[in-house]
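Here is the structure we will look at.
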Amino acid sequence: MTKIERLLYRSFDAELSSEEQAILDQALTQSAELRVEKERLEKMRSQVQASGEKAFHPFFAEKVMSRLRDSKQSVQEDAFFNALVSLFRPIVIGSAILFLGLISYNIIRSGEISLASAFAEPQVTLEQVIDPALSLKLE
Amino acid sequence: MTDGELIKAYQAGDENAFRTLVKRYESRVAATVIGMLGKCPEAEDVGQETFIRFHDSINKFRGESTVGTYITRIAINLSLNELKRRKRRRFLFPDETRDGDLGHVIEDSSDRIDQKTIVRQAIQKLPPDFRSVIVLRLIDGYSTNETAEILKLPVGTVLSRLSRAQKKLKKILAPYAGELT
């Protein structure tokens, strides 16, 4: 792009200094080609301006408002769910701590690590299960 | 009612105030988004998303720029994101119809195609950086300074992109000079 061409293009979108404007004016007076280029550019710019589409499909605003209502509703549902979670979280954590405390207490008290002692179930020995006296009595 | 008053009314619970804002700026958003993406189903989705994003950030809007400029910035950013998404999709699925490369449409149906369509499709052939300055400056009618503000670019960069974009556009449109009377 020549300097004059650059000035010509810039003249449409920015204010040229008086010196630049004088150079461009002089070039336009002298060059028929540059005048044609200027006209072509003006025409193209007006065609681009006219090509703009200024609307979406009908009821665009209603569609936007409906999307907003939907998103508000889902925000409310999320808020309700979050409230439930925050309400039950302390209860769940408290219960878990109590449960672990009880298990620890039972294990410490019984002095042995087993599922039965954790749940404080009485230990039954094999002899107790198969009591010879009891079995004789039954016979 | 001014934009500021409508925003305050909406914040106070008046839903119609936001509807009025949407109606007020629909044409500007449509011009921006359709100019960037072409007339396609995604354009309306991007248009709707523009207003949803504006709604979500309405409490953060401090009025440093006008509502129009603010909404246009959202629209142009979402359009550029959509163009990136298309590019990725085109990379993954090269056999799909290539958006933005509609030269064949112009050539195939050159008998009855209107001037607007030719120009619009020529704009779609510009790279996104050039397209955004053309859309904002020529279609939306923003000043060079406003265009620079929306795109967060120096004015000099906008001017240089405008010159190069017009040069490229002129080249794309050259074969259709007969139809563009």
Side-chain angles (χ1 to χ4, degrees), chain A residues 1-17 20-21 23-24 27-28 33-79, chain B residues 15-16 18-24 26-35 38-39 41 43-44 47-52 54-56 115-123 133-135 137-141 143-145 147 155-156 158-160 162-164 166-167 169-170 173 177 180-181:
Chain A
M1 213 188 266
T2 64
K3 191 187 169 191
I4 290 295
E5 260 188 315
R6 261 200 299 275
L7 279 182
L8 176 66
Y9 276 81
R10 259 188 61 206
S11 68
F12 286 97
D13 302 300
E15 209 172 312
L16 300 182
S17 67
E20 287 171 329
Q21 191 63 54
I23 294 170
L24 180 64
L28 281 167
E33 200 186 323
L34 196 65
R35 285 196 297 274
V36 171
E37 176 69 6
K38 189 184 175 192
E39 271 175 34
R40 209 180 290 153
L41 206 52
E42 277 170 347
K43 196 174 137 195
M44 190 184 76
R45 287 172 71 100
S46 66
Q47 281 165 344
V48 171
Q49 269 164 14
S51 75
E53 191 77 31
K54 301 278 182 191
F56 290 114
H57 291 118
F59 308 113
F60 175 79
E62 290 315 313
K63 287 180 204 164
V64 172
M65 296 312 290
S66 153
R67 270 188 68 177
L68 279 175
R69 274 192 292 272
D70 289 348
S71 74
K72 262 185 198 165
Q73 199 179 340
S74 79
V75 165
Q76 279 171 352
E77 283 166 6
D78 286 349
Chain B
E15 200 183 76
N16 277 325
F18 194 78
R19 186 181 284 112
T20 308
L21 278 172
V22 175
K23 284 182 177 164
R24 189 174 287 179
E26 178 191 344
S27 62
R28 201 178 295 190
V29 171
T32 308
V33 174
I34 297 173
K39 218 175 173 190
E44 181 153 338
Q48 287 181 20
E49 191 59 31
T50 300
F51 285 103
I52 304 282
F54 171 58
H55 172 269
D56 292 347
Q115 197 169 292
K116 268 189 181 183
T117 312
I118 294 173
V119 175
R120 220 178 279 152
Q121 291 182 348
I123 295 170
V133 289
I134 288 287
V135 167
R137 175 80 183 104
L138 299 186
I139 298 180
D140 289 354
S143 71
T144 311
N145 285 336
T147 304
V155 175
V158 170
L159 284 170
S160 134
L162 271 169
S163 300
R164 284 154 64 204
Q166 286 175 97
K167 194 102 183 156
L169 200 57
K170 204 177 74 179
L173 287 171
L180 298 170
T181 47

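The figures here come from the full heavy-atom set of this structure, side chains too, leaving out hydrogens, waters and symmetry mates. So you know, we letter chains A, B, ... as the sequences are listed, proteins then strands, and number each from 1.
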Distance col, row Ser160(B):OG vs Tyr9(A):OH, nearest 0.5 angstrom, shows 13.0 Å
Considering only heavy atoms and a distance below 4.5 Å, find which of Arg120(B), Glu44(B), Lys167(B) pairs most often with chain A. Glu44(B)
Show, in sequence, the C-alpha distance, side-chain angles and deciding distance for Arg45(A) and Arg137(B), and conclude whether the side-chain contact (heavy atoms from CB on, under 4.5 Å) test is met. CA-CA 10 Å; Arg45(A) 287 172 71 100; Arg137(B) 175 80 183 104; 4.1 Å; yes
Under a 4.5 Å heavy-atom cut-off, does chain B meet the side chain of Leu8(A), its backbone, both or neither? neither
Where do His57(A) and Glu26(B) come nearest, in terms of heavy atoms and distance? O-OE2, 4.4 Å
Residues in side chain to side chain contact (heavy atoms under 4.5 Å, CB included) with Asp56(B), at least two apart? Ile52(B)
Between Leu21(B) and chain A, with a heavy-atom cut-off of 4.5 Å, which part of the residue counts as in contact: side chain, backbone, both or neither? neither
Whether Ser51(A) side chain and Val119(B) backbone form a donor-acceptor pair below 3.5 Å: no
Please report the shortest heavy-atom distance between Ala55(A) and Ala30(B), naming the atom on each side. N-CB, 3.7 Å
Around atom NZ of Lys38(A), are there more than 12 heavy atoms from other residues, nucleotides or ligands closer than 6.0 Å? no
Against chain A, work out which of Gln48(B), Lys23(B), Glu15(B), Lys116(B) has the most heavy-atom pairs shorter than 4.5 Å and name it. Gln48(B)
Kindly determine whether Ile139(B) and Gln49(A) satisfy side-chain contact (heavy atoms from CB on, under 4.5 Å), including the steps that lead there. CA-CA 5 Å; Ile139(B) 298 180; Gln49(A) 269 164 14; over 6 Å; no
Part of Val29(B) lying under 4.5 Å from any heavy atom of chain A: both
Rounded to the nearest 0.5 Å, what separates atom CG in Asp140(B) from atom NZ in Lys54(A)? 6.0 Å
Just verifying a value: how many Å separate Asp13(A) CG and Ser143(B) OG, rounded to the nearest 0.5 Å? 10.0 Å
Check whether any side-chain N or O of Glu53(A) sits under 3.5 Å from a backbone N or O of Lys39(B) as a donor-acceptor pair, and report yes or no. no
Under the rule for ring pair (Phe, Tyr, Trp, His ring centres under 6.0 Å), what residues qualify as partners of Phe60(A), not counting sequence neighbours? Phe56(A), Phe51(B)
Here the gap from Ile118(B) atom CD1 to Gln47(A) atom CD, rounded to the nearest 0.5 Å, amounts to 9.0 Å
In terms of heavy-atom proximity below 4.5 Å to chain B, should Glu37(A) be classed as side chain, backbone, both, or neither? side chain
At a 4.5 Å cut-off on heavy atoms, which part of Leu138(B) comes close to chain A: side chain, backbone, both, or neither? both
CG of Leu41(A) to CD of Gln166(B): how many Å apart, nearest 0.5 Å? 5.0 Å
Considering only heavy atoms and a distance below 4.5 Å, find which of Val135(B), Leu159(B), Thr32(B), Val158(B) pairs most often with chain A. Leu159(B)
